[in-house]
Amino acid sequence: MGIDVCPVERFAASLARTPGLRDRLFTADEQRTLSGAARTAESLAARFAAKEALAKALGAPGDLHWHDAEVQVGERGRPLLVVRGTVARRAAELGVTRWHVSLSHDGGIASAVVLAESVPPADATRPGDPAPPTGAVPPADPVPPSRPGGAPVAP
């Protein structure tokens with residue numbers, strides 16, 4: 001899981017002050033609404049926070065590329081993450097199979113929460129899983145015990 005906040009005014013000033021920053025951080029589709037209008041500073045700041053939160057969810061490796069994580073608009077306006085390249089590779093290394101993202105902006109602050117979900121193998125235990133019952137029989141040893149010299153031990 002990752003979370004990030006971004007002061008909208010400061011982010012907007014950075015975009016205005018640094019030519020090319022918008023294109024470096026966001027894909028062409030991220031920079032426009034579905035109707036083709038330019039996104040507001042609040043909307044872009046929330047998307048930036050989502051990319052930062054995603055990096056944190058992946059352990060903050062330094063080799064992720066900004067365009068390899070894209071915040072798109074899904075069903076009924078719900079945000080969704082599309083990953084490729086460096087981000088997809090890191091997610092695969094960690095077993096991430098599904099993303100959840102929430103964006104918000106209010107009071108001059110944009111925020112995002114990203115949850116990276118993985119499906120553990122059916123036989124895996126997770127923190128918080130109950131311990132095996134007391135007196136449980138351990139699995140059978142695949143190699144029968146033997147005496148020195150290799151003679152099998154009678155059951």
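- Using a 3.5 Å distance cut-off with no hydrogens or angles, the side chains of Thr86 and Asp63 do not pair a donor with an acceptor.
- For the pairing with Arg84, the side-chain contact (heavy atoms from CB on, under 4.5 Å) check across Glu70, His65, Arg89 returns one residue only, Glu70.
- For the atom pair Leu80 CG and Arg78 CZ, the distance stands at 6.0 Å (nearest 0.5 Å).
- In terms of heavy atoms, Ser111 sits closest to Val5 at CB-CG1, 3.9 Å.
- Between the CD atom of Glu9 and the OG atom of Ser14 there is a distance of 11.0 Å, given to the nearest 0.5 Å.
- Looking at Val96 and Glu117, their side chains never come closer than 4.5 Å, going by heavy atoms from C-beta outward.
- Arg47 and Ser43 are linked by a side-chain donor-acceptor pair at a separation below 3.5 angstrom, with hydrogens and angles left out of the test.
- For residues 32-56, the pairs satisfying ring pair (Phe, Tyr, Trp, His ring centres under 6.0 Å) are Phe11-Phe48, Phe48-Trp66, with sequence neighbours left out.
- The ring pair (Phe, Tyr, Trp, His ring centres under 6.0 Å) analysis of residues 84-112, with sequence neighbours excluded, yields no pairs.
- Ala53 and Val114 make their closest contact through CB-CG2, 3.8 Å (heavy atoms, listed as atom of the first residue, atom of the second, distance).
- In this structure, Arg24 and His67 have side chains that are not in contact, with every pair of non-hydrogen atoms separated by 4.5 Å or more.
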* Show your reasoning for whether side chain to side chain contact (heavy atoms under 4.5 Å, CB included) applies to Asp4 and Lys56. => CA-CA 9 Å; Asp4 195 67; Lys56 291 172 183 176; 2.8 Å; yes
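- Taking CD1 from Ile109 and CG from Asp106, the interatomic distance works out to 9.5 Å, rounded to the nearest 0.5 Å.
- When every heavy atom of Cys6 is checked against every heavy atom of Ala49, the shortest pair comes out as CB-CB, 4.4 Å.
- Remark: Ser118 OG to Leu94 CG distance equals 8.5 Å, nearest 0.5 Å.
- Rounded to the nearest 0.5 Å, atoms CG (Asp68) and NZ (Lys51) are 9.0 Å apart.
- In this structure, Arg22 and Gln31 have side chains that are in contact, with non-hydrogen atoms separated by less than 4.5 Å.
- A donor-acceptor distance shorter than 3.5 angstrom exists from the side chain of Arg39 to the backbone of Glu30, with no hydrogens or angles considered.
- No continuous path of ILVMFWY side-chain contacts below 4.5 Å connects Leu54 to Leu25, so the two sit in separate hydrophobic clusters.
- Under the 4.5 Å side-chain criterion, counting only non-hydrogen atoms from C-beta, Val113 is not in contact with Val101.
- Atom-to-atom distance recorded for Leu21:CG and Leu44:CG is 10.0 Å, nearest 0.5 angstrom.
- Nearest heavy atoms, Ser104 versus Ala46: O-CB, 4.1 Å.
- For the pair Leu103 and Ala112, the tightest heavy-atom approach, listed with the atom from each and the gap, is CD2-CB, 3.7 Å.
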